[in-house]
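Below is one structure, written out as C-alpha coordinates; the observations come after it.
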Amino acid sequence: MRILYFAWVREGVGTGEEEVDLPATVTTVAALIDWLATRSPAHAAAFAEPARLRAAVDQEFGPLDASVVGAAEVAIFPPVTGG
Amino acid sequence: MRILYFAWVREGVGTGEEEVDLPATVTTVAALIDWLATRSPAHAAAFAEPARLRAAVDQEFGPLDASVVGAAEVAIFPPVTGG
Amino acid sequence: MIRVLVSPAPIDVAEELAAAEAAGAGAVATFTGLVRADEHADGTVAVLELEHYPGGTERALEKLAAEATARWSLAAATIVHRVGPMRPGERIVFVAAAAPHRDAALDACAFLIDRLKTDAPFWKRETRGSSASWVEARDADDAAAARWGN
Amino acid sequence: MIRVLVSPAPIDVAEELAAAEAAGAGAVATFTGLVRADEHADGTVAVLELEHYPGGTERALEKLAAEATARWSLAAATIVHRVGPMRPGERIVFVAAAAPHRDAALDACAFLIDRLKTDAPFWKRETRGSSASWVEARDADDAAAARWGN
(Lines give C-alpha, C1' and ligand atoms only; values in the text may rest on other atoms or scores of the structure.)
Protein backbone atom coordinates (compact mmCIF):
# COMPACT_ATOMS: atom_id res chain seq x y z
CA MET A 1 0.00 0.00 0.00
CA ARG A 2 1.23 3.45 -0.93
CA ILE A 3 0.98 6.04 1.87
CA LEU A 4 1.13 9.75 0.97
CA TYR A 5 1.71 12.67 3.34
CA PHE A 6 1.13 16.38 2.70
CA ALA A 7 1.93 19.75 4.27
CA TRP A 8 3.08 19.62 7.91
CA VAL A 9 2.31 15.92 8.15
CA ARG A 10 4.80 15.34 5.33
CA GLU A 11 7.36 17.57 7.02
CA GLY A 12 6.83 15.83 10.37
CA VAL A 13 7.11 12.30 9.01
CA GLY A 14 10.09 13.35 6.91
CA THR A 15 8.88 11.94 3.59
CA GLY A 16 6.01 12.51 1.19
CA GLU A 17 5.48 8.88 0.27
CA GLU A 18 6.22 5.39 1.55
CA GLU A 19 5.26 1.84 0.69
CA VAL A 20 4.01 -0.35 3.54
CA ASP A 21 2.87 -3.95 3.97
CA LEU A 22 -0.18 -3.62 6.11
CA PRO A 23 -1.13 -6.38 8.61
CA ALA A 24 -4.57 -7.78 7.86
CA THR A 25 -5.73 -6.56 11.28
CA VAL A 26 -5.46 -2.90 10.19
CA THR A 27 -8.75 -2.14 8.45
CA THR A 28 -9.50 1.57 9.00
CA VAL A 29 -7.71 4.87 8.46
CA ALA A 30 -7.58 5.41 12.25
CA ALA A 31 -6.00 2.00 12.78
CA LEU A 32 -3.58 2.67 9.93
CA ILE A 33 -2.48 5.91 11.58
CA ASP A 34 -1.95 4.13 14.91
CA TRP A 35 0.07 1.46 13.14
CA LEU A 36 2.15 3.99 11.16
CA ALA A 37 2.88 5.86 14.41
CA THR A 38 4.96 2.84 15.56
CA ARG A 39 7.35 3.17 12.60
CA SER A 40 9.43 6.04 14.05
CA PRO A 41 9.37 8.81 16.65
CA ALA A 42 8.83 11.26 13.77
CA HIS A 43 5.70 9.37 12.68
CA ALA A 44 4.46 9.29 16.26
CA ALA A 45 4.98 13.04 16.66
CA ALA A 46 3.28 13.87 13.34
CA PHE A 47 0.25 11.76 14.29
CA ALA A 48 0.08 12.91 17.93
CA GLU A 49 -3.24 14.71 17.43
CA PRO A 50 -5.51 12.55 15.24
CA ALA A 51 -8.21 15.25 15.42
CA ARG A 52 -5.95 17.43 13.27
CA LEU A 53 -5.61 14.77 10.56
CA ARG A 54 -7.66 14.14 7.45
CA ALA A 55 -7.42 11.29 4.96
CA ALA A 56 -8.28 10.10 1.49
CA VAL A 57 -8.50 6.44 0.49
CA ASP A 58 -7.77 5.90 -3.18
CA GLN A 59 -8.24 9.67 -3.64
CA GLU A 60 -11.68 9.59 -2.03
CA PHE A 61 -11.93 11.83 1.05
CA GLY A 62 -13.38 10.08 4.05
CA PRO A 63 -13.63 9.99 7.83
CA LEU A 64 -10.94 8.39 9.98
CA ASP A 65 -13.09 5.27 10.40
CA ALA A 66 -13.21 4.71 6.63
CA SER A 67 -12.03 1.31 5.45
CA VAL A 68 -8.57 0.86 3.96
CA VAL A 69 -9.11 -2.79 3.05
CA GLY A 70 -7.95 -3.40 -0.51
CA ALA A 71 -6.89 0.22 -1.02
CA ALA A 72 -3.87 0.97 -3.20
CA GLU A 73 -3.24 4.51 -1.91
CA VAL A 74 -4.00 6.28 1.36
CA ALA A 75 -3.17 9.95 1.89
CA ILE A 76 -2.87 11.54 5.33
CA PHE A 77 -2.80 15.32 5.69
CA PRO A 78 -3.96 18.36 7.70
CA PRO A 79 -7.31 20.10 7.12
CA VAL A 80 -7.16 21.71 3.68
CA THR A 81 -6.58 25.44 3.19
CA GLY A 82 -6.83 26.10 -0.54
CA GLY A 83 -8.81 28.64 -2.48
CA MET B 1 -39.85 72.02 -16.92
CA ARG B 2 -38.14 69.43 -19.11
CA ILE B 3 -40.09 66.19 -19.56
CA LEU B 4 -38.25 63.09 -20.80
CA TYR B 5 -39.79 59.87 -22.13
CA PHE B 6 -38.13 56.50 -22.65
CA ALA B 7 -38.82 53.16 -24.34
CA TRP B 8 -42.45 52.52 -25.33
CA VAL B 9 -43.60 55.68 -23.50
CA ARG B 10 -41.32 57.67 -25.81
CA GLU B 11 -42.61 55.81 -28.85
CA GLY B 12 -46.23 56.31 -27.74
CA VAL B 13 -45.91 60.04 -27.04
CA GLY B 14 -43.94 60.45 -30.25
CA THR B 15 -41.03 62.38 -28.76
CA GLY B 16 -38.27 61.79 -26.25
CA GLU B 17 -38.30 65.25 -24.74
CA GLU B 18 -40.55 68.28 -24.41
CA GLU B 19 -40.59 71.53 -22.48
CA VAL B 20 -43.76 72.38 -20.57
CA ASP B 21 -44.99 75.26 -18.43
CA LEU B 22 -46.63 73.54 -15.54
CA PRO B 23 -49.67 75.09 -13.78
CA ALA B 24 -48.96 75.68 -10.08
CA THR B 25 -51.78 73.28 -9.24
CA VAL B 26 -49.79 70.31 -10.60
CA THR B 27 -47.55 69.22 -7.71
CA THR B 28 -47.01 65.43 -8.04
CA VAL B 29 -45.80 63.04 -10.71
CA ALA B 30 -49.29 61.48 -10.89
CA ALA B 31 -50.90 64.90 -11.40
CA LEU B 32 -48.24 65.74 -13.99
CA ILE B 33 -49.07 62.58 -15.92
CA ASP B 34 -52.81 63.40 -15.84
CA TRP B 35 -52.04 66.91 -17.06
CA LEU B 36 -49.68 65.71 -19.82
CA ALA B 37 -52.39 63.26 -20.98
CA THR B 38 -54.49 66.23 -22.08
CA ARG B 39 -51.83 67.43 -24.53
CA SER B 40 -52.68 64.94 -27.32
CA PRO B 41 -54.43 61.62 -27.99
CA ALA B 42 -50.97 60.06 -28.25
CA HIS B 43 -50.09 61.28 -24.73
CA ALA B 44 -53.41 59.98 -23.43
CA ALA B 45 -52.83 56.57 -24.99
CA ALA B 46 -49.26 56.31 -23.71
CA PHE B 47 -50.39 57.16 -20.16
CA ALA B 48 -53.53 55.01 -20.23
CA GLU B 49 -52.21 52.61 -17.58
CA PRO B 50 -50.46 54.62 -14.87
CA ALA B 51 -49.60 51.37 -13.03
CA ARG B 52 -47.21 50.57 -15.89
CA LEU B 53 -45.37 53.90 -15.54
CA ARG B 54 -42.33 54.82 -13.46
CA ALA B 55 -40.72 58.23 -12.95
CA ALA B 56 -37.62 60.08 -11.86
CA VAL B 57 -37.64 63.68 -10.63
CA ASP B 58 -34.34 65.44 -11.29
CA GLN B 59 -32.83 61.96 -11.95
CA GLU B 60 -34.04 60.64 -8.58
CA PHE B 61 -36.35 57.61 -8.88
CA GLY B 62 -39.54 57.99 -6.90
CA PRO B 63 -43.15 56.92 -6.54
CA LEU B 64 -45.94 58.49 -8.58
CA ASP B 65 -46.94 60.65 -5.61
CA ALA B 66 -43.45 62.24 -5.45
CA SER B 67 -43.40 66.03 -5.64
CA VAL B 68 -42.46 67.79 -8.87
CA VAL B 69 -42.51 71.27 -7.31
CA GLY B 70 -39.38 73.15 -8.35
CA ALA B 71 -38.05 70.26 -10.43
CA ALA B 72 -36.08 71.01 -13.60
CA GLU B 73 -36.44 67.56 -15.18
CA VAL B 74 -39.01 64.79 -14.87
CA ALA B 75 -38.60 61.48 -16.71
CA ILE B 76 -41.51 59.10 -17.35
CA PHE B 77 -40.84 55.55 -18.50
CA PRO B 78 -41.83 51.86 -18.22
CA PRO B 79 -40.45 49.54 -15.52
CA VAL B 80 -36.73 49.09 -16.22
CA THR B 81 -35.35 45.94 -17.87
CA GLY B 82 -31.56 46.34 -17.92
CA GLY B 83 -28.77 44.04 -16.77
CA MET C 1 -12.55 52.51 -6.21
CA ILE C 2 -15.90 53.08 -7.86
CA ARG C 3 -16.05 52.57 -11.59
CA VAL C 4 -19.21 53.20 -13.61
CA LEU C 5 -19.33 53.13 -17.38
CA VAL C 6 -22.29 53.24 -19.78
CA SER C 7 -21.14 52.92 -23.35
CA PRO C 8 -22.06 51.52 -26.77
CA ALA C 9 -18.59 49.91 -27.01
CA PRO C 10 -18.08 46.19 -26.33
CA ILE C 11 -17.20 45.50 -22.68
CA ASP C 12 -13.56 44.61 -22.06
CA VAL C 13 -13.88 42.27 -19.07
CA ALA C 14 -10.16 41.53 -18.82
CA GLU C 15 -9.39 45.21 -18.37
CA GLU C 16 -12.25 45.74 -15.92
CA LEU C 17 -11.35 42.68 -13.87
CA ALA C 18 -7.68 43.70 -13.74
CA ALA C 19 -8.68 47.14 -12.46
CA ALA C 20 -10.86 45.60 -9.73
CA GLU C 21 -8.04 43.22 -8.75
CA ALA C 22 -5.56 46.10 -8.62
CA ALA C 23 -7.54 47.58 -5.70
CA GLY C 24 -5.54 45.18 -3.53
CA ALA C 25 -8.29 43.07 -1.91
CA GLY C 26 -8.03 39.29 -1.76
CA ALA C 27 -11.42 38.43 -3.24
CA VAL C 28 -13.07 39.56 -6.47
CA ALA C 29 -16.51 38.38 -7.57
CA THR C 30 -17.95 39.24 -10.98
CA PHE C 31 -21.12 38.80 -12.93
CA THR C 32 -21.39 39.03 -16.71
CA GLY C 33 -24.72 39.15 -18.51
CA LEU C 34 -24.75 38.20 -22.17
CA VAL C 35 -27.36 38.42 -24.89
CA ARG C 36 -29.06 35.04 -25.05
CA ALA C 37 -30.32 33.53 -28.25
CA ASP C 38 -33.57 32.29 -26.70
CA GLU C 39 -35.49 30.04 -28.98
CA HIS C 40 -39.11 31.17 -29.12
CA ALA C 41 -41.92 30.27 -31.46
CA ASP C 42 -41.41 33.61 -33.17
CA GLY C 43 -37.72 33.02 -33.85
CA THR C 44 -34.30 33.57 -32.39
CA VAL C 45 -33.31 36.98 -31.02
CA ALA C 46 -31.34 38.57 -33.83
CA VAL C 47 -30.68 41.93 -32.17
CA LEU C 48 -31.11 43.26 -28.66
CA GLU C 49 -31.15 47.03 -28.24
CA LEU C 50 -30.60 48.78 -24.94
CA GLU C 51 -32.04 52.24 -24.40
CA HIS C 52 -31.06 54.24 -21.31
CA TYR C 53 -31.49 57.60 -19.58
CA PRO C 54 -28.27 59.52 -20.18
CA GLY C 55 -27.17 61.21 -16.97
CA GLY C 56 -29.85 59.49 -14.90
CA THR C 57 -28.29 56.10 -15.61
CA GLU C 58 -24.81 57.06 -14.47
CA ARG C 59 -26.27 58.69 -11.39
CA ALA C 60 -28.27 55.57 -10.48
CA LEU C 61 -25.28 53.27 -11.03
CA GLU C 62 -22.93 55.47 -9.00
CA LYS C 63 -25.43 55.51 -6.16
CA LEU C 64 -25.70 51.73 -6.33
CA ALA C 65 -21.92 51.24 -6.37
CA ALA C 66 -21.53 53.64 -3.44
CA GLU C 67 -24.21 51.79 -1.47
CA ALA C 68 -22.49 48.43 -2.04
CA THR C 69 -19.10 49.91 -1.16
CA ALA C 70 -20.41 51.27 2.14
CA ARG C 71 -22.37 48.13 3.04
CA TRP C 72 -19.57 45.61 2.37
CA SER C 73 -16.49 47.87 2.78
CA LEU C 74 -15.48 47.13 -0.79
CA ALA C 75 -12.06 47.90 -2.17
CA ALA C 76 -13.61 48.16 -5.63
CA ALA C 77 -17.11 48.26 -7.14
CA THR C 78 -17.41 48.18 -10.91
CA ILE C 79 -20.53 48.49 -13.06
CA VAL C 80 -20.19 48.55 -16.83
CA HIS C 81 -23.33 48.47 -18.97
CA ARG C 82 -23.47 48.46 -22.72
CA VAL C 83 -26.16 50.41 -24.60
CA GLY C 84 -27.33 50.45 -28.20
CA PRO C 85 -27.70 47.41 -30.47
CA MET C 86 -25.99 44.11 -29.68
CA ARG C 87 -26.09 40.52 -30.85
CA PRO C 88 -26.42 37.10 -29.17
CA GLY C 89 -23.27 36.17 -27.25
CA GLU C 90 -22.21 39.79 -26.68
CA ARG C 91 -21.87 41.18 -23.16
CA ILE C 92 -24.65 43.46 -21.91
CA VAL C 93 -23.41 44.08 -18.39
CA PHE C 94 -20.41 43.39 -16.18
CA VAL C 95 -20.27 44.01 -12.44
CA ALA C 96 -17.42 43.31 -10.05
CA ALA C 97 -16.91 43.63 -6.31
CA ALA C 98 -13.53 43.39 -4.57
CA ALA C 99 -13.30 42.84 -0.81
CA PRO C 100 -10.89 41.38 1.73
CA HIS C 101 -13.00 38.20 2.09
CA ARG C 102 -15.03 36.15 -0.32
CA ASP C 103 -18.43 36.33 1.39
CA ALA C 104 -18.44 40.14 1.09
CA ALA C 105 -17.30 40.04 -2.54
CA LEU C 106 -19.90 37.40 -3.50
CA ASP C 107 -22.77 39.10 -1.66
CA ALA C 108 -21.89 42.56 -3.01
CA CYS C 109 -21.67 41.21 -6.56
CA ALA C 110 -25.13 39.60 -6.28
CA PHE C 111 -26.48 42.83 -4.75
CA LEU C 112 -25.08 44.94 -7.59
CA ILE C 113 -26.67 42.89 -10.36
CA ASP C 114 -29.96 42.29 -8.50
CA ARG C 115 -30.44 45.98 -7.79
CA LEU C 116 -29.20 47.11 -11.19
CA LYS C 117 -32.06 45.08 -12.69
CA THR C 118 -34.68 47.13 -10.82
CA ASP C 119 -32.99 50.48 -10.08
CA ALA C 120 -31.13 51.51 -13.22
CA PRO C 121 -32.95 53.12 -16.16
CA PHE C 122 -32.28 50.70 -19.01
CA TRP C 123 -34.84 49.26 -21.37
CA LYS C 124 -34.40 46.26 -23.66
CA ARG C 125 -35.97 45.89 -27.06
CA GLU C 126 -35.72 42.56 -28.84
CA THR C 127 -35.91 42.14 -32.57
CA ARG C 128 -37.02 38.66 -33.68
CA GLY C 129 -37.25 38.31 -37.40
CA SER C 130 -39.22 41.34 -38.60
CA SER C 131 -40.91 42.20 -35.30
CA ALA C 132 -39.47 44.26 -32.47
CA SER C 133 -40.88 44.41 -28.94
CA TRP C 134 -39.98 45.93 -25.58
CA VAL C 135 -39.02 43.38 -22.97
CA GLU C 136 -41.42 43.21 -20.02
CA ALA C 137 -40.09 43.67 -16.47
CA ARG C 138 -40.02 40.47 -14.42
CA ASP C 139 -41.61 40.12 -10.97
CA ALA C 140 -38.73 37.78 -10.12
CA ASP C 141 -36.34 40.72 -10.50
CA ASP C 142 -38.31 42.79 -8.00
CA ALA C 143 -38.23 39.88 -5.56
CA ALA C 144 -34.46 39.41 -6.02
CA ALA C 145 -33.82 43.12 -5.44
CA ALA C 146 -36.14 43.22 -2.43
CA ARG C 147 -34.17 40.61 -0.49
CA TRP C 148 -31.38 43.19 0.01
CA GLY C 149 -33.71 45.61 1.83
CA ASN C 150 -33.55 49.35 1.29
CA MET D 1 -18.46 22.16 -20.18
CA ILE D 2 -16.35 21.20 -17.18
CA ARG D 3 -12.90 22.71 -17.02
CA VAL D 4 -10.45 21.87 -14.21
CA LEU D 5 -6.84 22.98 -14.18
CA VAL D 6 -4.20 22.77 -11.44
CA SER D 7 -1.00 24.42 -12.56
CA PRO D 8 2.01 26.43 -11.37
CA ALA D 9 1.44 28.91 -14.23
CA PRO D 10 -0.27 32.27 -13.64
CA ILE D 11 -4.03 32.10 -14.17
CA ASP D 12 -5.27 33.71 -17.39
CA VAL D 13 -8.72 34.91 -16.32
CA ALA D 14 -9.56 36.53 -19.66
CA GLU D 15 -9.08 33.22 -21.45
CA GLU D 16 -10.98 31.25 -18.80
CA LEU D 17 -13.85 33.72 -18.73
CA ALA D 18 -14.09 33.73 -22.53
CA ALA D 19 -14.29 29.92 -22.51
CA ALA D 20 -17.09 29.99 -19.91
CA GLU D 21 -18.96 32.64 -21.92
CA ALA D 22 -18.59 30.61 -25.10
CA ALA D 23 -20.77 27.88 -23.55
CA GLY D 24 -23.70 30.00 -24.72
CA ALA D 25 -25.53 30.74 -21.45
CA GLY D 26 -26.72 34.25 -20.61
CA ALA D 27 -25.17 34.58 -17.15
CA VAL D 28 -21.60 34.01 -15.99
CA ALA D 29 -20.49 34.49 -12.38
CA THR D 30 -16.84 34.29 -11.34
CA PHE D 31 -14.75 34.41 -8.23
CA THR D 32 -11.05 35.20 -8.14
CA GLY D 33 -8.94 34.73 -5.02
CA LEU D 34 -5.67 36.65 -4.83
CA VAL D 35 -2.73 36.52 -2.47
CA ARG D 36 -3.32 39.21 0.12
CA ALA D 37 -0.51 41.19 1.66
CA ASP D 38 -1.97 41.01 5.17
CA GLU D 39 -0.20 43.25 7.58
CA HIS D 40 0.61 41.30 10.70
CA ALA D 41 2.93 42.06 13.61
CA ASP D 42 5.41 39.61 12.11
CA GLY D 43 5.51 41.33 8.74
CA THR D 44 3.88 41.27 5.36
CA VAL D 45 3.38 38.02 3.49
CA ALA D 46 6.27 37.89 1.04
CA VAL D 47 5.54 34.49 -0.50
CA LEU D 48 2.58 32.15 -0.37
CA GLU D 49 3.20 28.56 -1.40
CA LEU D 50 0.45 26.13 -2.35
CA GLU D 51 1.01 22.41 -1.95
CA HIS D 52 -1.51 19.95 -3.37
CA TYR D 53 -2.24 16.26 -3.88
CA PRO D 54 -1.47 15.51 -7.55
CA GLY D 55 -4.22 13.35 -8.98
CA GLY D 56 -6.35 13.62 -5.87
CA THR D 57 -6.77 17.35 -6.41
CA GLU D 58 -7.96 17.06 -9.99
CA ARG D 59 -10.32 14.28 -8.97
CA ALA D 60 -11.82 16.37 -6.14
CA LEU D 61 -12.23 19.43 -8.36
CA GLU D 62 -13.83 17.46 -11.19
CA LYS D 63 -16.27 15.93 -8.72
CA LEU D 64 -17.10 19.39 -7.38
CA ALA D 65 -17.60 20.87 -10.86
CA ALA D 66 -19.80 17.93 -11.84
CA GLU D 67 -21.90 18.34 -8.68
CA ALA D 68 -22.44 22.05 -9.40
CA THR D 69 -23.24 21.34 -13.03
CA ALA D 70 -25.91 18.80 -12.07
CA ARG D 71 -27.39 20.90 -9.28
CA TRP D 72 -27.74 24.17 -11.24
CA SER D 73 -27.86 22.79 -14.83
CA LEU D 74 -24.75 24.77 -15.68
CA ALA D 75 -23.61 25.37 -19.23
CA ALA D 76 -20.04 25.72 -17.91
CA ALA D 77 -18.21 25.11 -14.63
CA THR D 78 -14.58 26.20 -14.43
CA ILE D 79 -12.10 25.68 -11.57
CA VAL D 80 -8.50 26.80 -12.03
CA HIS D 81 -6.14 26.65 -9.05
CA ARG D 82 -2.53 27.69 -9.03
CA VAL D 83 0.08 25.71 -7.06
CA GLY D 84 3.66 26.40 -6.05
CA PRO D 85 5.06 29.75 -4.89
CA MET D 86 3.23 33.02 -5.56
CA ARG D 87 3.42 36.64 -4.46
CA PRO D 88 0.92 39.20 -3.13
CA GLY D 89 -1.50 40.35 -5.81
CA GLU D 90 -1.19 37.15 -7.84
CA ARG D 91 -4.22 34.95 -8.47
CA ILE D 92 -4.53 31.75 -6.43
CA VAL D 93 -7.85 30.51 -7.69
CA PHE D 94 -10.48 31.30 -10.31
CA VAL D 95 -13.91 29.71 -10.52
CA ALA D 96 -16.70 30.43 -12.99
CA ALA D 97 -20.25 29.20 -13.46
CA ALA D 98 -22.34 29.82 -16.59
CA ALA D 99 -26.11 29.31 -16.53
CA PRO D 100 -29.20 30.55 -18.35
CA HIS D 101 -30.17 32.80 -15.41
CA ARG D 102 -28.19 34.86 -12.94
CA ASP D 103 -29.39 33.29 -9.69
CA ALA D 104 -28.11 29.87 -10.79
CA ALA D 105 -24.78 31.31 -11.95
CA LEU D 106 -24.28 33.31 -8.74
CA ASP D 107 -25.26 30.45 -6.43
CA ALA D 108 -23.16 27.91 -8.28
CA CYS D 109 -20.15 30.23 -8.22
CA ALA D 110 -20.46 30.69 -4.43
CA PHE D 111 -20.93 26.92 -4.03
CA LEU D 112 -17.79 26.17 -6.05
CA ILE D 113 -15.52 28.42 -4.03
CA ASP D 114 -17.08 27.55 -0.65
CA ARG D 115 -16.76 23.83 -1.22
CA LEU D 116 -13.33 24.09 -2.83
CA LYS D 117 -12.12 25.63 0.44
CA THR D 118 -13.07 22.52 2.41
CA ASP D 119 -13.08 19.68 -0.12
CA ALA D 120 -10.00 20.11 -2.28
CA PRO D 121 -6.55 19.00 -1.11
CA PHE D 122 -4.55 22.22 -1.12
CA TRP D 123 -2.39 23.54 1.68
CA LYS D 124 -1.05 27.07 2.05
CA ARG D 125 2.28 27.95 3.56
CA GLU D 126 3.06 31.59 4.23
CA THR D 127 6.54 33.01 4.45
CA ARG D 128 6.78 36.24 6.45
CA GLY D 129 10.31 37.56 6.66
CA SER D 130 12.45 34.58 7.64
CA SER D 131 9.70 32.41 9.13
CA ALA D 132 7.39 30.07 7.23
CA SER D 133 4.21 28.54 8.63
CA TRP D 134 1.31 26.42 7.43
CA VAL D 135 -1.99 28.29 7.31
CA GLU D 136 -4.59 26.94 9.75
CA ALA D 137 -7.99 25.86 8.44
CA ARG D 138 -10.83 28.22 9.36
CA ASP D 139 -14.05 27.14 11.06
CA ALA D 140 -15.82 29.81 8.98
CA ASP D 141 -14.90 27.86 5.85
CA ASP D 142 -16.53 24.71 7.21
CA ALA D 143 -19.65 26.70 8.02
CA ALA D 144 -19.73 28.29 4.55
CA ALA D 145 -19.38 24.89 2.88
CA ALA D 146 -21.96 23.28 5.14
CA ARG D 147 -24.75 25.66 4.09
CA TRP D 148 -24.84 23.91 0.70
CA GLY D 149 -25.69 20.53 2.27
CA ASN D 150 -24.23 17.26 1.00
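Hydrogens, waters and symmetry mates are skipped; everything else that's a heavy atom, side chains included, is used. Nothing here was measured: the structure is a model prediction, and the numbers come from that model. A, B, ... follow the sequence lines: proteins, then strands. Residue 1 opens every chain.
Considering only heavy-atom pairs separated by less than 4.5 Å from chain C, the leading option among Ala14(D), Pro100(D), Ala20(D), Ala96(D) is Pro100(D). Taking Val93(C), Val95(C), Asp141(C), Asp103(C) one by one and counting their heavy-atom pairs under 4.5 Å with chain D, the maximum is reached by Asp141(C).
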Extract all donor-acceptor atom pairs below 3.5 Å that involve side chains of residues 105-114 of chain D and protein atoms in other chains or at least two apart in sequence.
residue, atom, partner, partner atom, Å
Asp114(D), OD1, Arg102(C), NE, 2.8
Asp114(D), OD1, Arg102(C), NH2, 3.1
Asp114(D), OD2, Arg147(D), NE, 3.3
Asp114(D), OD2, Arg147(D), NH2, 2.8
Asp114(D), OD2, Trp148(D), NE1, 3.0

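For residues 2-17 of chain C, the set of pairs meeting the side-chain hydrogen bond (donor to acceptor under 3.5 Å, both in side chains) definition, not counting sequence neighbours, comprises Arg3(C)-Glu16(C). Residue pairs meeting the side-chain hydrogen bond (donor to acceptor under 3.5 Å, both in side chains) criterion with at least one partner in residues 80-89 of chain C, sequence neighbours excluded, are Arg82(C)-Glu90(C).
Proximity to chain C at a heavy-atom threshold of 4.5 Å picks out Ala25(D), Gly26(D), Ala27(D), Val28(D), Ala29(D), Thr30(D), Phe31(D), Thr32(D), Gly33(D), Leu34(D) from residues 25-34 of chain D, in numerical order.
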